[in-house]
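Below, chain A is the first sequence line, B the second, and so on; all start at residue 1. Just the heavy atoms: all of them, side chains too, but no hydrogens, waters or symmetry mates, feed the values below.
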Amino acid sequence: MARFGGDGLECARGERLVFAGLGFDVGPGDALLLEGRNGSGKTSLLRLMAGLARPAAGRIAWDGADIGDDAEGHRARTRYIGHLDAVKPQLSVIENLSFWAALHGGGAAGAQAGLTAFGLDTLARAPARYLSAGQRRRLALARLAAAPAALWLMDEPTIALDRASIAALIAAIAAHRATGGMAVIATNVDIGLDGARLLSLEDFAVADGP
Amino acid sequence: MDRMAEFLAMGNYGGYVWPTYILAAVILVGLAIQSRRWLRNEERAVRAMEAEAPHRRAAAASGSARGETAR
Amino acid sequence: MIQRLANPARFNRLAGRTMPWLAWGAALCIGAALWLALAVSPADYQQGEAVRIMYVHVPAAWMALVAYAFVALASAGGLVWKHPLAHVAAQAAAPVGAAFTFLCLVTGSLWGKPMWGTWWVWDARLTSVLVLFFLYLGFIALTAAFDEPQRGERAAAILALVGVVNVPVIKFSVDWWNTLHQPASVMKMSGPAIHPSMLWPLLLMALGFTLYFGAVVLVRMKALLLARRARAMAMAQVHRAAPAAAEPGSAHG
Amino acid sequence: MIAALGLILRRELRLALRQAGESATVVLFFILAALLFPLGVGPSPATLARIAPGVLWATALLAAMLSFERLFQPDFEDGSLEQLALSPAPLEGLVLAKALAHWLTAAAPLIVAAPVLGVMLNLPAEGFVPLIAGMALGTPAISLIGAVGAALTLGARRGGVLLALLVIPLVIPVLIFGAAAVEAAIGGFPVRAHLTALGGISLGALVLGPWAAGAALRQALAE
């Protein structure tokens with residue numbers, strides 16, 4: 001399995017450098033926790049890792065090759081869970097999930113696996129309009145299990161989740177890591193992942209930005 | 001004296017020729033003045049902020065130089 | 001040379017040196033052109049003294065197009081080659097271009113009234129300049145429509161590229177539309193062949209306007225760069241104040 | 001990649017069907033706007049026939065503009081857009097799928113409604129075929145340029161009015177050739193030149209639109 005790493009990363013928000021000289025390295029089965037105060041750039045770093053934005057300087061590489069060179073390949077091996085759940089109220093739970101599963105090449109079985117992984121089986125037919133925030137969050141997380149990928153990028157995944165759902169998430173991450181998958185999670189809440197490494201963005205903050 | 005009056009009359013098209021040149025002057029001079037005043041305001045603003053954070057000015061200057069060239 | 005300008009400090013020095021030349025050059029050229037246009041050049045046998053409007057109208061129309069090409073080129077420089085000063089140049093030039101376009105439209109109307117009795121003539125060229133004016137307004141409005149200036153600049157740059165590709169199509173379709181509905185009476189706006197005594201004021205005014213454009217754009221670029229610096233310092237202070245509030249080293253910010 | 005575009009298109013159409021109101025409002029606006037002209041200009045058949053081509057095209061254009069804001073804004077706000085950006089389909093393909101979905105849900109209904117309005121505006125018989133042919137050839141350009149406008153104003157304050165300011169100057173050629181085609185047919189002149197011009201503009205938009213809108217989406221997502 002490959003290594004996912006970055007070095008000399010700089011991220012600018014408007015004119016201000018949010019962080020500089022940031023490096024990270026994730027191997028198969030690893031979990032990396034990003035933590036730091038608000039505005040330290042956790043979300044920005046995750047979006048750089050997903051390839052949604054390009055770093056102001058520095059490089060992110062998968063197996064040594066810059067992710068920008070093979071954008072489509074990087075998209076295929078990455079699942080990104082942002083702050084927003086990407087759930088369409090007009091569609092039912094299963095319609096939402098099977099769209100994303102099919103889009104990433106997973107079949108109907110994938111969608112079903114996603115539902116069971118996050119306890120949404122009973123809600124399959126329900127229109128997403130009636131879901132609570134926690135249920136919507138679980139539907140977003142179900143995309144991870146519905147269409148497997150090597151790299152999971154998650155931004156504050158535990159927001160609005162109840163205790164049982166957090167346990168389901170931890171189990172899913174453990175299973176993912178067991179198969180050699182990687183996970184990078186931005187969070188300020190200690191979610192008790194054993195053997196997870198910590199990256200504090202404050203070490204790379206640019207204190208006296210221009 | 002009548003040469004001036006005749007010049008101003010512009011073959012009785014004065015009502016159209018003079019507004020043209022007056023408008024051109026107003027727009028060009030006005031824009032130039034607005035631009036200079038804007039520049040002077042920004043200069044004053046930056047100077048005020050630098051005065052407010054003097055001890056960081058050195059770092060800021062180096063930081064901004066590094067930030068600028070690095071991009 | 002372009003890359004060397006990348007550093008704002010160097011740009012400021014260079015701009016500072018060239019600006020006086022541009023400003024005085026513009027003043028001299030426009031002054032001479034005015035004297036030629038109003039006092040020396042003859043009246044037109046058909047239009048009489050009204051032809052003197054041309055000495056402002058035509059150079060303004062020319063500048064409207066040149067400025068838009070400048071904005072599009074600068075936008076391409078910013079988007080394609082990521083030159084840090086390119087978007088600043090485009091932002092500085094757009095309002096100046098819009099001002100020249102407005103001047104061209106109003107003087108066109110001032111010329112239309114004595115010649116054809118109406119304040120607005122749906123002449124092909126004048127209509128195209130009107131559409132160009134809306135392209136300018138779109139650029140300026142899009143820049144100002146975002147909270148974050150960088151975001152507005154890049155979005156407006158894309159619009160400028162889309163716009164510059166469409167300008168010939170618009171020009172062609174408006175010309176075509178004009179010939180389609182050509183009322184017989186409308187005389188072509190350009191008037192008779194340009195007599196040398198009329199050509200000189202025209203060229204001098206155009207040169208004066210171009211030098212003026214250069215000077216004002218440099219001033220506005222310096223102002224934009226300083227505004228960006230002031231904004232960055234203000235934001236830095238906001239974020240620098242934050243850690244002082246939370247006790248140092250605490251993980252949960 | 002093509003499969004991904006097909007999936008996205010099918011989802012867009014399913015969403016549009018679930019909110020059928022959207023296409024209905026576009027057609028309703030088209031009818032209402034066209035209705036204003038006889039009330040304003042007067043019912044005399046001669047004047048109506050004279051202005052019908054221009055009125056039909058101008059109001060159809062404004063009606064199509066209503067639904068541009070809905071192209072990307074909902075997906076941008078609920079997070080679907082960044083997920084779509086991370087799907088196998090490139091952003092340019094996403095723009096094509098969205099523009100095609102807009103064409104099917106907004107432009108196609110307009111083409112169906114146009115002849116009915118033509119009758120109401122006393123459009124001469126020879127004008128109907130070039131009207132429909134012209135709209136069929138010209139509306140793709142409107143959808144694509146609208147997609148560019150929608151992508152550029154994503155996340156902007158007061159997007160709606162700004163979108164109109166950006167798009168209208170760019171679709172003027174479509175209006176000119178579209179209306180001219182109908183008028184030429186009424187006057188007994190050949191319309192091939194006008195229709196090929198419309199087709200050419202749409203092909204141009206097919207190339208320019210996805211590139212420009214894709215770049216604009218990339219910027220919006222890089223926040």
With a 4.5 angstrom heavy-atom cut-off, which part of A:R54 approaches chain D: side chain, backbone, both or neither?
neither

The interface call for A:E72 against chain D, heavy-atom contacts under 4.5 Å, is side chain

Taking every non-hydrogen pair under 4.5 Å, which of D:R218, D:Q219, D:R14 racks up the most with chain A?
D:R14

Which portion of A:A102 sits near chain D, non-hydrogen atoms under 4.5 angstrom:
both

What is the ring orientation for D:H102 with D:F68, classed by angle as parallel under 30°, tilted 30 to 60°, or perpendicular over 60°?
tilted

Which heavy atom of D:V174 sits nearest a heavy atom of D:A141, and at what distance?
CG2-CB, 4.0 Å

With chain D, the option among A:E95, A:R79, A:R75 that has the most non-hydrogen atom pairs under 4.5 Å is A:R75

Derivation of the side chain to side chain contact (heavy atoms under 4.5 Å, CB included) call for A:Q135 and A:Y130:
CA-CA 9 Å; A:Q135 288 164 331; A:Y130 302 133; over 6 Å; no

Which heavy atom in A:R143 sits nearest to a heavy atom in A:Y80, and how many Å separate them?
NH2-O, 3.8 Å

I need the minimum non-hydrogen distance between A:N96 and A:A86, along with the two atoms involved.
OD1-O, 4.4 Å

Under 3.5 Å, is there a donor-acceptor pair between the side chain of D:T153 and the main chain of D:A156?
no

Do any of residues 72-81 of chain D come closer than 4.5 Å to chain A, heavy atom to heavy atom, and if so which ones, in number order?
D:P74, D:D75, D:F76, D:E77, D:D78, D:G79, D:S80

In this structure, are over 12 heavy atoms from other groups packed under 6.0 Å from A:R125 atom CZ?
no

Looking only at D:P90, D:A4, D:P88, D:A85, the option with the highest number of non-hydrogen pairs under 4.5 Å against chain A is D:P88

By a 4.5 Å heavy-atom criterion (distance strictly below it), what part of D:L221 contacts chain A: side chain, backbone, both, or neither?
both

With a 4.5 angstrom heavy-atom cut-off, is it the side chain or the backbone of D:A3 that approaches chain A, or both, or neither?
neither

Any carboxylate oxygen within less than 4.0 angstrom of a Lys/Arg side-chain nitrogen, looking at D:E12 and D:R70?
no

Any side-chain to backbone donor/acceptor pair from A:R138 onto A:G119? Under 3.5 Å, distance only.
yes

Counting only heavy atoms closer than 4.5 Å, note whether D:R10 contacts chain A via side chain, backbone, both or neither.
neither

Do you know the tightest heavy-atom contact between A:A145 and A:A117?
CB-CB, 3.8 Å

